[in-house]
4 protein chains.
Amino acid sequence: MSEMQAARWQRRKEVRPAEILDAALGLFVEKGYSATKIDDIARAAGVTKGTPYLYFASKEEILKAVVREKLLERVADMEHLSHDYSGHPAVLIRLLLLKWWDDVGRTPLAGLCKLMVAEAVNFPELARFYHDEVIMRSRAIARRLVQSGMDSGEFVAGDAEAAVDALLSPLLMTMIWRHSFACVAGCETDREDPKKRLEAALQLVLAGLSHKTTSTS
Amino acid sequence: MSEMQAARWQRRKEVRPAEILDAALGLFVEKGYSATKIDDIARAAGVTKGTPYLYFASKEEILKAVVREKLLERVADMEHLSHDYSGHPAVLIRLLLLKWWDDVGRTPLAGLCKLMVAEAVNFPELARFYHDEVIMRSRAIARRLVQSGMDSGEFVAGDAEAAVDALLSPLLMTMIWRHSFACVAGCETDREDPKKRLEAALQLVLAGLSHKTTSTS
Amino acid sequence: MSEMQAARWQRRKEVRPAEILDAALGLFVEKGYSATKIDDIARAAGVTKGTPYLYFASKEEILKAVVREKLLERVADMEHLSHDYSGHPAVLIRLLLLKWWDDVGRTPLAGLCKLMVAEAVNFPELARFYHDEVIMRSRAIARRLVQSGMDSGEFVAGDAEAAVDALLSPLLMTMIWRHSFACVAGCETDREDPKKRLEAALQLVLAGLSHKTTSTS
Amino acid sequence: MSEMQAARWQRRKEVRPAEILDAALGLFVEKGYSATKIDDIARAAGVTKGTPYLYFASKEEILKAVVREKLLERVADMEHLSHDYSGHPAVLIRLLLLKWWDDVGRTPLAGLCKLMVAEAVNFPELARFYHDEVIMRSRAIARRLVQSGMDSGEFVAGDAEAAVDALLSPLLMTMIWRHSFACVAGCETDREDPKKRLEAALQLVLAGLSHKTTSTS
DNA sequence: AATGAATGAGGATTCATTCAT
DNA sequence: CATGAATGAATCCTCATTCAT
């Protein structure tokens with residue numbers, strides 16, 4: 001029994017942190033940071049109250065770890081995609097935003113983005129991390145693409161930062177919406193196909209960004 | 001001592017509620033709902049712990065009152081403006097969004113919008129109120145204008161809801177940004193002129209929405 | 001106006017204390033001491049929160065005044081009755097106990113007796129007053145009658161104090177009952193005629209106290 | 001310091017609830033419900049403020065548990081005794097009442113009975129429980145005995161409920177007395193032997209209840 | 001490694017009492 | 001004389017964190 005136990009524990013030791021973070025992600029997203037109790041997280045992870053403290057120093061550290069673990073690779077993905085690419089910026093922009101929607105926006109991770117917005121003020125250090133490693137890097141990708149389009153003449157020259165705002169905002173707001181009002185009974189404005197709507201909004205911005213000679217069809 | 005006492009012992013029934021709500025607005029916006037203690041609100045309003053309870057039943061009711069008091073008239077303003085208007089929708093859309101920026105976006109009220117996003121899940125009743133009385137009414141104004149533009153041929157026909165998303169999102173995200181990351185030391189990506197940037201993003205969307213015959217000059 | 005006012009106030013000044021004590025009696029009896037708020041008393045008396053403090057120093061003083069005002073004369077009544085009497089003790093005992101029932105037991109004053117029991121520990125000074133002026137004087141009357149019965153041979157000789165206990169307890173318990181369990185929904189063991197039952201119990205004790213030669217068979 | 005700490009940090013899940021209830025019983029009886037702070041209970045039980053909440057949901061639940069735990073078995077005892085018995089009702093009545101005195105009346109449990117009287121109005125649910133499980137069951141035992149005595153001709157026929165009142169009231173009032181006025185300095189009418197006095201009172205009632213042919217001594 | 005009993009600081013709320021009007 | 005706005009001490013309860021087992 002003790003050997004089996006030991007073996008099991010050995011194995012658990014490797015996976016516990018991830019299990020705890022998964023549980024924490026779900027609960028933070030569902031109920032917010034304050035309303036999530038350590039005990040909830042522990043139970044959701046199949047352990048008891050003390051266990052999270054074996055792996056994380058505090059509730060705050062769990063939040064930090066969740067953010068760190070879950071979002072960084074998504075950003076890295078996009079950086080790789082954008083580096084290996086040479087073609088029309090508009091096409092890649094569309095591609096990347098829709099990929100972000102598929103990988104993050106429609107998943108629980110979107111809730112993490114909303115959580116960061118909600119809690120940024122309370123966790124400055126974490127906010128800085130998120131700002132530098134998620135926001136700035138994502139915007140840098142977008143900005144580079146926008147700028148290259150402007151430079152190549154494919155896009156109308158103008159304020160690149162503003163263009164990035166216009167491109168990203170609909171996606172971000174959709175993510176935030178899904179984890180705020182959309183969760184409230186009575187506010188479920190059923191957006192049948194959010195992705196399609198997102199695409200339409202994006203298309204509008206890209207159209208505004210592009211030179212058009214004719215608009216006839 | 002007696003002067004201080006005397007100063008402390010003012011009976012100002014008429015103005016207390018407003019003072020308390022102002023104090024509450026500032027603190028809720030600055031620190032979030034949970035992190036704001038009733039005692040903080042009281043002190044900021046120049047009264048003591050018990051006084052807020054003379055006017056509001058609970059901390060939650062204070063939040064509700066803040067939201068109710070502060071945002072409704074802004075929405076009503078916009079409805080009036082949009083009703084009395086007959087001209088190019090694009091012009092009014094620009095006008096209204098920039099007005100919202102001036103009246104709300106760059107003021108502490110923007111923090112209230114961010115707060116609603118952050119706390120919607122925790123205060124469903126309040127969220128419904130905000131959804132119905134602020135969000136839906138605002139979107140309705142925008143949708144009407146977009147639709148009339150599409151009907152008149154001034155705008156390219158398409159998904160009106162998506163167009164509303166595209167138009168409003170940059171404004172909303174700017175407001176949210178200002179009350180989340182922008183408050184964190186190290187994240188103050190100095191946006192010298194947010195209004196100008198907002199205008200540029202808006203211009204982009206309106207351009208995408210408009211028929212253009214030539215883009216050259 | 002000011003003269004009328006003054007006149008009215010003059011008159012009020014005389015009756016206010018009594019009005020406040022009446023209101024307090026009702027509420028103390030109904031809800032208990034702790035659960036009765038000064039504000040309740042004031043409103044029930046048709047005045048506002050500050051007014052009771054013009055006449056009484058504190059909530060506790062109101063309770064004391066209520067007890068003092070309301071019960072003393074009842075006791076004095078009985079003392080008079082018992083002094084002016086010469087006849088069979090058993091008859092007077094019956095008379096006095098039934099009178100106490102009519103004057104106190106079935107009125108709200110019974111609630112005051114129960115209140116004293118409930119709060120004696122919390123208000124020792126008041127308890128002492130009640131003990132000396134109500135309990136001891138009442139028992140003294142009863143004891144004198146019992147003793148005279150024993151001395152005259154009308155009653156079986158024995159422990160006079162115990163006889164007093166036996167005589168008074170059913171009355172006291174009935175009073176207490178009416179202001180404790182009888183007020184609770186679900187416990188209203190409907191005692192159709194409490195006075196009749198009281199009489200029967202009393203009869204039993206008096207029978208036990210009396211010499212009986214035959215009980216017929 | 002470390003020894004004190006260690007002593008403070010004992011894990012005794014099994015015994016804590018009982019310790020807390022014991023402490024609570026003592027304090028409730030001594031000071032009343034309102035005047036007893038959770039912190040007092042905790043300290044008296046040798047734990048800290050939070051610990052009672054590990055075992056009981058609220059102060060009210062502690063009171064309920066105290067009543068439930070402590071009195072039910074006493075009632076059950078009496079039911080057993082009365083069932084297994086066949087003899088003169090008067091004898092058993094005397095026995096049971098004196099047993100109740102020994103088991104409850106002269107112990108702190110009597111304080112609980114007084115507390116129930118004092119707080120019945122404030123805790124209707126608990127009052128119903130006590131009414132059904134303690135009062136009614138006790139009275140049922142007494143009533144059965146009285147009735148059987150009346151049926152067998154041992155007792156004078158009459159109002160059985162009134163007889164129960166007469167039999168129980170002296171005991172109840174003695175219990176109540178001991179936990180109200182008797183606790184107040186200055187009211188300690190020293191009843192040298194309360195049991196003896198109780199017995200005398202009881203004897204009186206039983207005498208009144210019995211057929212007597214001769215009263216000679 | 002895991003448990004979960006115990007801790008204790010912290011915060012919302014109540015209400016007797018005061019005092020400027 | 002009366003008001004009722006304001007006070008602030010008091011108390012219940014929560015929950016992140018600790019540590020003996």
Side-chain angles (χ1 to χ4, degrees), chain A residues 5-6 8-13 16 34-42 46-60 62, chain B residues 5-14 16 34-42 46-60 62, chain C residues 2 5-13 16 34-42 46-60 62, chain D residues 5-14 16 34-40 42 46-60:
Chain A
Q5 205 82 321
R8 252 220 337 272
W9 274 348
Q10 216 57 267
R11 225 181 305 124
R12 303 312 273 152
K13 185 179 180 181
R16 279 285 187 245
S34 292
T36 298
K37 307 180 200 2
I38 287 281
D39 201 25
D40 296 339
I41 296 175
V47 295
T48 54
K49 225 163 56 166
T51 305
Y53 287 93
L54 296 177
Y55 301 100
F56 305 96
S58 68
K59 193 182 171 186
E60 181 170 349
I62 295 180
Chain B
Q5 294 282 90
R8 255 188 19 232
W9 241 97
Q10 292 294 336
R11 267 157 74 115
R12 295 187 298 153
K13 187 188 182 180
E14 315 305 322
R16 285 287 190 237
S34 294
T36 299
K37 322 283 168 247
I38 287 280
D39 202 23
D40 297 339
I41 296 176
V47 294
T48 54
K49 232 174 11 176
T51 303
Y53 288 95
L54 296 179
Y55 300 100
F56 306 96
S58 68
K59 192 180 169 187
E60 180 170 350
I62 294 180
Chain C
S2 66
Q5 204 82 320
R8 256 224 330 275
W9 274 347
Q10 216 57 266
R11 223 180 307 124
R12 303 312 274 152
K13 186 177 179 179
R16 280 283 188 246
S34 292
T36 298
K37 305 178 202 3
I38 288 281
D39 201 25
D40 297 339
I41 296 175
V47 294
T48 54
K49 226 162 56 165
T51 305
Y53 286 94
L54 297 177
Y55 300 100
F56 304 97
S58 68
K59 192 181 170 186
E60 181 170 349
I62 294 179
Chain D
Q5 294 281 91
R8 252 183 29 223
W9 242 97
Q10 292 295 336
R11 266 157 75 117
R12 295 187 297 155
K13 188 186 183 180
E14 315 306 323
R16 284 290 189 233
S34 293
T36 298
K37 322 284 169 241
I38 285 281
D39 201 22
D40 297 339
V47 294
T48 55
K49 229 174 14 174
T51 304
Y53 289 97
L54 295 179
Y55 300 100
F56 306 97
S58 66
K59 192 180 167 186
E60 181 170 350

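Reckoned from all heavy atoms, side chains included, excluding hydrogens, waters and symmetry mates. By convention in this document, chain letters (A, B, ...) are assigned in the order of the sequence lines, proteins followed by strands, and residues within each chain are numbered from 1.
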Colleague: What's the NZ-P distance between D:K13 and F:dC19, to the nearest Å?
Modeller: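 The answer, rounded to whole Å, is 22 Å.
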Colleague: Under a 3.5 Å cut-off for both distances, is F:dA20 Watson-Crick or wobble paired, and to whom?
Modeller: E:dT3
Colleague: For the pair made of CD1 in D:I38 and P in E:dT7, what is the distance, rounded to whole Å?
Modeller: 14 Å
Colleague: Rounded to the nearest angstrom, tell me the gap between atom CG in C:D39 and atom P in F:dA2.
Modeller: 17 Å
Colleague: Check whether the side chain of C:K49 and the base of F:dT3 form a donor-acceptor pair under 3.5 Å.
Modeller: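 Such a pair does not exist between side chain and base.
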Colleague: Below the 4.0 Å mark, does F:dA6 have OP1 or OP2 next to a side-chain nitrogen or oxygen of B:T48?
Modeller: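 The answer is no; no side-chain N or O of B:T48 sits under 4.0 Å from OP1 or OP2.
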Colleague: Can you measure A:D40 atom CG to F:dT17 atom P for me and round it to whole angstrom units?
Modeller: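 Taking atom P of F:dT17 as the reference, CG of A:D40 is at 14 Å.
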Colleague: Hey, which sits more toward the 5' end of DNA chain F by its nearest nucleotide, D:K37 or C:T51?
Modeller: C:T51
Colleague: Could you tell me how far apart D:L54 (CG) and F:dT17 (C1') are, to the nearest whole angstrom?
Modeller: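 D:L54 atom CG is separated from F:dT17 atom C1' by 13 Å.
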Colleague: Is C:Y55 close enough to F:dA2 that one of its side-chain N or O atoms is under 4.0 Å from OP1 or OP2 there?
Modeller: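 It does, given that an N or O in the side chain of C:Y55 lies less than 4.0 Å from OP1 or OP2 of F:dA2.
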Colleague: side-chain contact (heavy atoms from CB on, under 4.5 Å) for C:I38 and C:I62? Distances and angles first, verdict last.
Modeller: CA-CA 10 Å; C:I38 288 281; C:I62 294 179; 4.0 Å; yes
Colleague: Examine F:dA5: is either OP1 or OP2 under 4.0 Å from a nitrogen or oxygen in the side chain of B:R12? Give yes or no.
Modeller: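 B:R12 to F:dA5 OP1/OP2: no side-chain N or O under 4.0 Å.
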Colleague: Nearest whole angstrom, please: distance from the P of E:dG4 to the CZ of D:R16.
Modeller: 17 Å
Colleague: If I take atom CZ in residue B:F56 and atom C1' in nucleotide E:dT13, what distance separates them, rounded to the nearest angstrom?
Modeller: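 So the two atoms are 16 Å apart, to the nearest Å.
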Colleague: Reading DNA chain E from 5' onward, which residue's closest nucleotide shows up sooner: B:T36 or C:Y53?
Modeller: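 Nearest nucleotide further toward 5': that of B:T36.
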Colleague: Are the side chain of A:K59 and the backbone N or O of A:T36 linked by a donor-acceptor pair below 3.5 Å?
Modeller: yes
Colleague: Toward the 5' end of DNA chain E, which comes first, B:A57 or C:E60, by nearest nucleotide?
Modeller: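 It is B:A57 whose nearest nucleotide is closer to the 5' end.
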Colleague: Send over the distance from D:K59 NZ to F:dT14 C1', rounded to a whole Å.
Modeller: 17 Å
Colleague: After noting the C-alpha distance and the side-chain angles of A:V47 and A:R16, does the key distance pass the side-chain contact (heavy atoms from CB on, under 4.5 Å) rule?
Modeller: CA-CA 9 Å; A:V47 295; A:R16 279 285 187 245; 3.4 Å; yes
Colleague: Can you measure from NZ (C:K37) to OG (C:S34) and round to the nearest 0.5 angstrom?
Modeller: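 C:K37 atom NZ to C:S34 atom OG measures 9.0 Å (nearest 0.5 Å).
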Colleague: Kindly compute the distance separating NZ (C:K49) from CG (C:D40), expressed to the nearest 0.5 Å.
Modeller: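 CG of C:D40 is found 10.5 Å from NZ of C:K49.
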